[in-house]
Number of protein chains: 2
Amino acid sequence: MSSDPLTAPEFSPRQNAVLGQALRLLVDGGEKALTTAGVARAANCSKESLYKWFGDRDGLIAAMIAFQASKVRTFERDGERLNVASLREHLVMFAKDLLEVLSGDVSLALNRLAVSQSSRDGSKLGELLLEHGRRQIDRRARALIDAGRRAGLLTFDDGEEAYRTLYGLIVSDMHVRMLLGERPQGDFTQRAEKAVRAFLTLHGTAKTLAEAGLAPV
Amino acid sequence: MSSDPLTAPEFSPRQNAVLGQALRLLVDGGEKALTTAGVARAANCSKESLYKWFGDRDGLIAAMIAFQASKVRTFERDGERLNVASLREHLVMFAKDLLEVLSGDVSLALNRLAVSQSSRDGSKLGELLLEHGRRQIDRRARALIDAGRRAGLLTFDDGEEAYRTLYGLIVSDMHVRMLLGERPQGDFTQRAEKAVRAFLTLHGTAKTLAEAGLAPV
DNA sequence: CAAGGCATGTACCGTACGGTACGGTTCGTG
DNA sequence: CACGAACCGTACCGTACGGTACATGCCTTG
């Protein structure tokens with residue numbers, strides 16, 4: 001890795017096209033299908049170019065992660081005044097987006113790849129994936145629940161811990177199960193709404209609980 | 001796979017010793033270290049015996065999963081009368097055990113292996129791992145929260161869903177992060193207690209909430 | 001047009017792995 | 001003791017992959 005992919009994740013259009021083909025190859029055939037010769041054939045480029053651009057196979061994979069992360073952009077529109085209904089709506093939207101992202105083909109394939117490489121020492125692939133893939137969506141959720149607290153709708157001491165709780169309520173073990181090959185079952189919308197309801201029960205203020213009809217029996 | 005490892009997961013002592021060495025090899029060196037020649041060398045047996053006993057490499061891995069599952073036995077002692085304190089204690093114990101199991105070296109190595117193989121079609125490794133590794137601990141938790149409901153301490157409609165909630169509160173994304181190579185941070189006991197507190201807040205009856213001092217502010 | 005950079009395609013090399021075959025050894029059994 | 005089964009160690013085979021070298025062709029630039 002000659003250039004730091006954390007600060008220089010930009011490639012030429014031709015290279016982006018190659019990375020896209022590589023991702024497609026990975027999604028379709030799994031890790032063992034991601035051979036340098038296979039990528040070169042699928043992208044109509046030469047292996048020599050691959051090594052010139054990305055250094056080695058690990059560099060190619062790192063570039064694929066950066067490329068995919070650059071495609072998944074999440075918009076965080078805030079500044080608007082939050083009330084119980086809008087907070088809930090935003091939380092449900094976030095939950096659904098999170099479930100969609102995690103269950104996506106490319107996300108699952110890249111996560112599988114990073115997991116399988118993580119046993120090798122010095123492989124920063126997992127770190128890279130967490131940093132690139134999660135940072136955006138994590139910041140969006142953190143900003144949302146912080147705004148909820150500022151608006152007097154949520155109560156918690158540690159924002160990070162509250163976010164972890166929200167994440168666990170939404171995802172549970174679904175991500176690992178999908179990584180292991182299980183197909184997602186159940187409706188994402190329903191799952192998201194239930195998770196948000198539980199989260200509000202745990203961290204909503206009295207005002208929120210009353211307005212949302214979540215007062216404990 | 002000539003014999004069904006779901007119903008016949010028993011092997012001779014010699015074979016068990018070989019499987020143990022194979023697991024050690026996998027834990028130490030990751031998936032790429034788990035070569036048939038390496039296992040044979042580490043276990044002082046011949047490759048021919050490996051293929052005779054386990055069929056092929058996949059059969060060996062399946063046998064490793066069954067062997068490891070046979071070692072991790074979880075005791076579910078029930079029948080005692082549950083009160084709020086004992087329910088809470090059992091839940092915390094379960095949560096700590098779950099975190100211990102998931103963060104164990106062998107568990108992580110096997111999960112990484114199953115995840116990396118899950119993209120290949122027809123690979124029932126993930127299914128096998130979920131079935132063997134989780135069944136015991138899942139049943140224990142399910143029995144516990146069902147007993148809690150029968151004792152009038154918990155309230156929920158769907159036991160499976162309640163368990164998923166408990167699981168998510170305990171683990172959140174820690175499992176995936178560990179699979180990606182991150183070292184677990186924080187105290188398991190504290191994490192377990194917080195998760196159980198949240199679970200009781202969500203699914204405890206009025207009696208439970210009052211006795212546990214969890215009445216919402 | 002000439003020249004040089006850049007990309008492609010192919011051929012090649014070394015290595016490592018899954019799986020098989022075979023000779024030698026140990027051990028239980030009639 | 002003789003026999004056979006099981007097993008060990010090793011050598012072997014075919015294949016596939018990562019990485020490199022080289023010849024050809026395109027496209028810009030002076």
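Side chains included, hydrogens not; waters and symmetry mates left out as well; all remaining heavy atoms used. Note on naming: letters A, B, ... go to the chains in the order of the sequence lines (proteins, then strands), and numbering restarts at 1 for each one.
- The existence of a salt bridge linking B:R140 and B:D97 is confirmed by a sub-4.0 Å separation between a basic side-chain nitrogen and an acidic carboxylate oxygen.
- B:R24 CZ: 12 or fewer foreign heavy atoms inside a 6.0 Å radius.
- Contact check of residues 21-30 of chain A against DNA chain C (heavy atom, cut-off under 4.0 Å) returns no residues at all.
- Of the side-chain N and O atoms in B:W53, one or more sit less than 4.0 angstrom from OP1 or OP2 of D:dC7.
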Letter by letter from the 5' end, nucleotides 14-23 of chain C scores (B base, S sugar-phosphate only, - none; protein heavy atoms under 4.0 Å) ---SBBBBB-
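- Every residue meeting the ring pair (Phe, Tyr, Trp, His ring centres under 6.0 Å) condition with A:F199, not counting sequence neighbours, appears here in chain and number order: A:H203.
- Phosphate proximity of D:dC8 to B:R14: present, with a side-chain N or O under 4.0 Å from OP1 or OP2.
- Ion pairing between a basic and an acidic side chain is recognised when a charged N comes within 4.0 Å of a carboxylate O; B:D138 and B:R134 show no such pairing.
- Counting to the nearest Å, the C1' atom of D:dA21 and the NZ atom of A:K52 are 14 Å from each other.
- Checked against side-chain contact (heavy atoms from CB on, under 4.5 Å), B:A69 has the following partners two or more places apart in sequence or in another chain: B:H132.
- Annotation: side-chain contact (heavy atoms from CB on, under 4.5 Å) contacts of B:A33 (sequence neighbours excluded): none.
- Contact check for A:I170 versus A:F94: side-chain heavy atoms found under the 4.5 Å cut-off.
- Evaluation of the salt bridge (Lys or Arg N to Asp or Glu O under 4.0 Å) test over residues 187-197 of chain B, restricted to residues two or more places apart or in two chains, returns A:E161-B:K194.
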